[in-house]
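Here's the structure, in structure tokens; my notes come after.
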Amino acid sequence: RNQSINPNPSIHPLILMTRVVHIVPANGHAVQQERERADEPGRLERWARAAGALLVKHVLPIGLIGGLVLGAAYPAPGEYMDATPAGVAFICFIFFVSGLTLQTDEVKNAITEWPGTLYGVVAVLFITPLFGHVVVGLPLSPSEFRVGLALFCVSPTTLTSGVILTKLADGNYSLSLLLTVITNMLSVLTMPFMLPWILSNLSGASVDLQPVSLLTKLALIILLPLLFGKGLRAFAAVRAFVAAHKQTLKVSSTLALCSIPWMKMSVSSGELGQVNGESLAIVIALGVALHVAFLIVNYSATRVLRLELAEQKSVVIMSSQKTLTVAITVLDLLPPSAGDQGIVLVAVIVAHFMQIAVDALIVSSVWAPVKAEATPIAATPSAQEHPIVPREQVPDPGRRLGQVVPV
């Protein structure tokens with residue numbers, strides 16, 4: 001028995017234990033250092049992946065802010081790109097990708113919820129745009145800020161952020177998709193008439209905007225690429241390609257969207273002197289006030305209609321949000337009489353970010369999903385069938401074999 005424990009009987013067991021105590025820690029420390037050195041590339045790779053995931057997650061705000069800063073600091077490349085058809089090509093690409101990734105399978109589930117759908121479409125395309133009349137009459141300088149906020153008011157609902165927020169709030173996901181599809185397609189018909197009507201009341205400025213010409217251009221660069229991309233989804237190979245490269249398509253479309261503010265800001269870099277901190281703060285406050293007004297009107301209407309809670313959340317969020325993509329597209333088509341496009345763009349982007357911030361706060365606090373309470377263990381049948389054994393009756397595995405243990 002002693003030989004099985006100590007293979008070398010000539011060495012006293014205490015001496016062997018002493019040697020082990022001194023040798024093992026030293027070797028353990030060396031092994032630990034070796035493992036850390038070997039794990040160094042893996043740690044760097046994990047950090048790089050985490051940084052890449054963070055960039056992809058926040059690519060829109062990073063791209064928009066980066067494009068504005070780059071265009072103001074180094075305007076030459078953006079000015080060159082703006083003189084080419086690159087802007088129109090980017091817009092067509094954005095809506096083509098939107099059509100490729102647009103999944104309308106769940107839309108049919110919301111068709112029966114016609115009161116919420118009907119009100120949502122009317123609110124997005126006709127009720128909320130009326131606030132543009134209030135905006136254009138404000139004594140806000142420069143006038144491009146008023147044009148930007150009016151353009152924001154007449155835009156359709158968001159393509160992705162509203163749907164995501166509705167899902168987080170446990171709203172009606174199918175209804176949100178339906179409102180997104182309908183309002184973004186119908187906006188091609190309504191915006192060319194709503195925007196000139198509102199801008200005709202712009203105090204201190206005059207905007208010459210032809211509705212029919214704007215309608216034709218929007219149909220060609222928004223509706224046509226969107227329908228073409230959606231039509232390609234009829235092929236199984238296209239759906240498989242989109243599913244395999246969904247993240248790449250999303251990032252590419254977002255970067256294409258961010259390139260348009262970069263070009264507009266580059267062209268307008270010399271006019272940014274008109275913008276001061278006070279005017280920018282007023283635009284931020286107006287962006288928040290506009291969105292809060294949208295929320296109040298739409299929430300009150302859903303209460304009158306007595307919509308179910310999930311449907312109410314969807315209608316309120318989707319009817320109160322405005323998309324940045326269509327607003328930037330229309331901005332690129334505005335005539336020179338609308339003012340400097342870069343300054344108009346600042347108001348649109350500020351209002352867009354403010355609505356996301358307000359809705360995120362509402363979803364995380366007011367409409368946060370309620371978690372089901374855990375059922376107490378004592379109330380479950382399994383707990384009654386298998387009562388907990390008192391501590392003194394549980395066998396102690398540390399006792400010696402053969403010792404009597406009370407049960």
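Positions are given from 1 along the sequence.
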Hey, does Leu324 have a side-chain heavy atom less than 4.5 Å from the side chain of Leu64? yes

Minimum side-chain heavy-atom gap Val358-Leu295 below 4.5 Å: yes

Provide the closest heavy-atom pair for Gly162 versus Met318 in the form atom of the first, atom of the second, distance. C-SD, 3.4 Å

Hey, does the side chain of Lys322 reach the backbone of Ser155 with a donor-acceptor pair shorter than 3.5 angstrom? yes

Smallest separation among heavy atoms of Arg303 and Gln312, with atom names: CD-NE2, 3.4 Å

When you measure from the side chain of Lys217 to the backbone N and O of Ile222, does any donor-acceptor pair fall under 3.5 Å? no

Do Ile343 and Phe145 touch side chain to side chain, with heavy atoms closer than 4.5 Å? yes

Lys250 and Thr160 side chains, donor-acceptor separation under 3.5 Å: no

Where Met194 and Leu125 come nearest, the two heavy atoms and their spacing: CE-O, 4.1 Å

Side chain to side chain donor-acceptor pair (under 3.5 Å) partner of Ser320, the single match among Thr157, Asp359, Asn298: Asn298

Is Cys92 close to Val88 at the side-chain level, that is, under 4.5 Å between some pair of heavy atoms? yes

Non-neighbouring partners of Lys264 that pass salt bridge (charged side-chain N to carboxylate O under 4.0 Å, His left out), sequence neighbours left out: Asp82, Asp332

Determine the minimum heavy-atom distance between Met191 and Pro156, stating which atoms define it. SD-CD, 3.8 Å

Asn184 versus Ser187, side-chain donor and acceptor atoms under 3.5 Å: no

Any donor-acceptor pair under 3.5 Å linking the side chain of Ser252 with the backbone of Leu249? no

Residues two or more places apart in sequence or in another chain: which of them pass ring-ring contact (aromatic ring centres under 6.0 Å, His included) with Tyr80? none

Using side-chain heavy atoms (C-beta onward) and a distance below 4.5 Å, is Tyr119 in contact with Leu307? no

Between Asn172 (side chain) and Lys313 (backbone), is there a donor-acceptor pair under 3.5 Å? no

Tightest non-hydrogen contact, residues His352 and Thr158, listed as CE1-CG2, 4.5 Å

Quick check: does any side chain N or O of His291 sit under 3.5 Å from a backbone N or O of Ala351, one acting as donor and the other as acceptor? no

Do Val326 and Phe95 come close enough that some side-chain heavy atom pair is under 4.5 Å? yes

Working note: Gln321 + Phe294, criterion side-chain contact (heavy atoms from CB on, under 4.5 Å); need CA distance, chi angles, decisive distance, verdict. CA-CA 8 Å; Gln321 289 209 346; Phe294 292 166; over 6 Å; no

So do Phe152 and Gln355 actually touch side chain to side chain, heavy atoms under 4.5 Å? yes

Please confirm whether the backbone N or O of Tyr299 pairs with a side-chain atom of Thr302, one donor and one acceptor, at under 3.5 Å? yes

Test item: Ser98 side-chain N/O and Leu226 main-chain N/O as donor-acceptor pair under 3.5 Å: no

Please check this pair: side chain of Ser314 against backbone of Ala310, looking for a donor-acceptor N/O pair closer than 3.5 Å. no

On a heavy-atom basis, which atom in Leu140 and which in Arg146 lie closest, and how many Å separate them? O-NE, 3.1 Å

Look at the side chain of Ser364 and the backbone N and O of Leu361, then say whether any donor-acceptor pair between them is shorter than 3.5 Å. yes

Got a donor-acceptor contact below 3.5 angstrom from the Arg233 side chain to the Leu100 backbone? yes

